[in-house]
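Written below as structure tokens is the structure these notes are about.
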Amino acid sequence: MSAQLLEGKIIAAQIKQDLRQEVRSLKQKSGRSPRLVSIQIGENPASAVYIKSQKKTAQGLGIEYTLETLELDISQKTLTRLIEGLNHDETVSGIIVQLPLPKAIDHRLTMSSIAPEKDAEGMHPENLGRVLLGNAKLAPCTAQAAMQLIESTGITLYGKEAVIVGHSEIVGKPLSMLLLNKFVTTTVCHIATGERGNLAEHVKRAEILVVAVGKAELVKGDWIKEGAIVIDVGINRVEGKLVGDVEFEAARERASFITPVPGGVGPLTVTMLMRNVVEAFRMQEKL
């Protein structure tokens with residue numbers, strides 16, 4: 001039997017309906033709408049697609065959206081000064097800096113310069129620390145999206161075996177904390193796991209498998225445990241076609257639930273970003 005598809009678009013639509021009503025209510029109480037400022041440095045086709053999706057989603061929810069486009073040769077000091085100005089701007093609810101960044105710009109320093117209460121991506125050290133403590137209000141968007149998809153299956157998480165392939169600060173690390181906070185037994189694999197030849201062994205144990213590496217079909221279909229939930233975060237272009245980090249067709253024959261690529265995690269990530277913006281607005285307005 002083929003796995004049931006976990007389509008992010010469907011879950012996102014349900015969340016957006018709630019957010020739309022919430023934004024209307026917050027506007028009535030405060031007299032203004034949440035506002036997201038997106039900072040793009042230079043031009044990048046991938047980030048351009050994400051920005052377009054952000055703007056469309058924000059406008060559909062009643063969230064104001066402003067794009068700040070900066071030159072590729074901007075200095076760290078100038079970027080930090082701009083962010084600090086936005087931190088003090090009471091009309092700004094959330095700030096996001098688009099990736100990838102130029103080599104001259106330090107990603108961690110940039111994330112740290114955003115006020116924690118305006119951190120739309122949930123990547124400020126304070127917000128990541130709150131994920132660790134289990135009381136995060138603003139958590140990394142892609143990790144939240146993956147968690148939302150897992151929970152949408154309706155399974156009991158307590159005591160389940162989860163394996164995350166990829167230990168990035170955007171997905172793997174924060175998602176491991178979100179799962180641990182639900183008492184899921186969680187293993188995180190990375191490049192050293194693969195170099196030792198142990199990746200397949202770990203994946204085969206996973207009742208919940210999340211793969212976020214960015215390497216086309218790294219995880220083979222016959223590694224998937226029967227009945228597993230498979231969340232494929234990877235997006236790779238191969239011969240003009242988008243594919244994930246998991247061998248989709250083979251994995252689908254073994255899993256109980258699986259995300260398609262595209263159409264799985266991606267549509268939900270933008271929605272989680274907007275949910276963070278609304279939550280940030282609520283925190284700032286003390287509503």
Side-chain angles (χ1 to χ4, degrees), residues 1-6 8 46 99-100 107-108 123 128 131-132 140 142-147 149-151 153 155-266 269:
M1 179 185 287
S2 290
Q4 183 176 329
L5 289 182
L6 290 172
L99 299 177
H107 178 256
R108 288 184 179 177
M123 292 299 297
L128 289 173
V131 173
L132 176 68
T142 309
Q144 281 194 72
M147 195 70 189
L149 285 160
I150 293 165
E151 291 181 325
T153 65
I155 67 156
T156 301
L157 293 177
Y158 192 91
K160 288 288 189 296
E161 288 271 353
V163 172
I164 301 170
V165 183
H167 75 314
S168 72
E169 294 169 5
I170 295 172
V171 187
K173 288 177 182 176
L175 181 59
S176 69
M177 293 298 106
L178 293 174
L179 287 166
L180 286 169
N181 291 336
K182 296 286 186 180
F183 292 93
V184 177
T185 303
T186 307
T187 300
V188 180
C189 300
H190 39 68
I191 190 168
T193 315
E195 287 176 354
R196 287 198 66 190
N198 295 335
L199 184 58
E201 175 190 335
H202 286 291
V203 169
K204 287 175 180 179
R205 291 205 313 268
E207 294 168 288
I208 301 167
L209 174 66
V210 182
V211 189
V213 177
K215 189 172 181 181
E217 299 183 337
L218 170 71
V219 172
K220 306 309 173 188
D222 60 5
W223 296 359
I224 305 300
K225 184 182 179 71
E226 289 284 349
I229 296 167
V230 179
I231 310 295
D232 191 347
V233 183
I235 299 179
N236 313 280
R237 188 171 291 278
V238 178
E239 296 177 356
K241 182 182 174 185
L242 292 178
V243 299
D245 290 350
V246 178
E247 276 188 342
F248 179 79
E249 293 300 338
R252 190 177 184 182
E253 294 307 310
R254 299 176 65 86
S256 58
F257 295 90
I258 190 168
T259 56
V261 177
V265 179
T269 298

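- Taking every heavy atom of both residues into account, T185 and G159 meet most closely at OG1-O, 4.2 Å.
- Residues E169 and M123 have side chains in contact (heavy-atom distance under 4.5 Å, counting atoms from C-beta outward).
- Across L6, T259, I208, a single residue satisfies side-chain contact (heavy atoms from CB on, under 4.5 Å) together with I150, and that is I208.
- When atom types are taken as modelled, the side chain of E247 and the backbone of G221 share a donor-acceptor pair closer than 3.5 angstrom.
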Quick one: do E151 and K182 satisfy salt bridge (charged side-chain N to carboxylate O under 4.0 Å, His left out)? Show the steps, please. CA-CA 11 Å; E151 291 181 325; K182 296 286 186 180; 3.6 Å; yes

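- By the neighbour-count criterion of 12 heavy atoms within 6.0 Å, atom CG of L5 is densely surrounded, having more than that number from other residues, nucleotides or ligands.
- Residues D232 and V265 form no side-chain contact, since every pair of their non-hydrogen atoms from C-beta on lies 4.5 Å or further apart.
- Side-chain atoms of H202 and T193, non-hydrogen and from C-beta on, do get closer than 4.5 Å to each other.
- Scanning both residues, P140 and L128, for their nearest heavy atoms gives CG-CD2, 3.7 Å.
- Rounding to the nearest 0.5 angstrom, the gap separating the CG atom in L149 from the CD1 atom in I229 is 10.0 Å.
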Could you please spell out the steps behind the side-chain contact (heavy atoms from CB on, under 4.5 Å) verdict for I235 and V261? CA-CA 7 Å; I235 299 179; V261 177; 4.2 Å; yes

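- In plain terms, the two heavy atoms of A162 and V184 that are nearest each other are CB-CG1, 3.5 Å.
- Between L175 and V210 the shortest side-chain heavy-atom distance falls below 4.5 Å.
- One finds the CG atom of L199 at 10.5 Å from the NZ atom of K204 (value rounded to the nearest 0.5 Å).
- Between the CG atom of L157 and the CG atom of L178 there is a distance of 11.0 Å, given to the nearest 0.5 Å.
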Test side-chain contact (heavy atoms from CB on, under 4.5 Å) on L209 and V211 and set out the steps. CA-CA 7 Å; L209 174 66; V211 189; 3.8 Å; yes

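- Residues A3 and A255 come closest through the heavy atom pair CB-O, 3.1 Å.
- The shortest side-chain heavy-atom distance between V243 and F248 does not fall under the 4.5 Å cut-off.
- Across all non-hydrogen atoms, the minimal contact from I231 to A146 is CG2-CB, 4.1 Å.
- Annotation: the span from H167 atom NE2 to C189 atom SG amounts to 11.0 Å, rounded to 0.5 Å.
- T186 contributes atom OG1, which lies 8.0 Å from atom CE of M177 (distance to the nearest 0.5 angstrom).
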For V230 and I224: C-alpha separation, side-chain torsions, deciding distance, then whether side-chain contact (heavy atoms from CB on, under 4.5 Å) applies. CA-CA 8 Å; V230 179; I224 305 300; 4.0 Å; yes

Begin with the C-alpha distance, continue with both residues' side-chain angles, and end with the deciding distance and a verdict on side-chain contact (heavy atoms from CB on, under 4.5 Å) for M147 and L179. CA-CA 8 Å; M147 195 70 189; L179 287 166; 3.8 Å; yes

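- With a 4.5 Å cut-off on side-chain heavy atoms, D245 and V165 do not count as touching.
- The shortest distance between side-chain heavy atoms of I170 and L99 falls below 4.5 Å.
- Taking CD of Q4 as the reference point, atom CZ of F257 lies at 4.5 Å (rounded to 0.5 Å).
- Nearest heavy atom pair, residue A228 against residue A206, reads CB-O, 3.4 Å.
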Set out, in order, the CA-CA distance, both residues' side-chain angles and the distance that settles side-chain hydrogen bond (donor to acceptor under 3.5 Å, both in side chains) for E253 and S2, then state yes or no. CA-CA 5 Å; E253 294 307 310; S2 290; 3.0 Å; yes

Can you check salt bridge (charged side-chain N to carboxylate O under 4.0 Å, His left out) on K160 and E207, steps first, answer last? CA-CA 7 Å; K160 288 288 189 296; E207 294 168 288; 5.1 Å; no

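- K215 NZ: 12 or fewer foreign heavy atoms inside a 6.0 Å radius.
- Within the 4.5 Å cutoff, the side chain of T269 has no heavy atoms near those of the V233 side chain.
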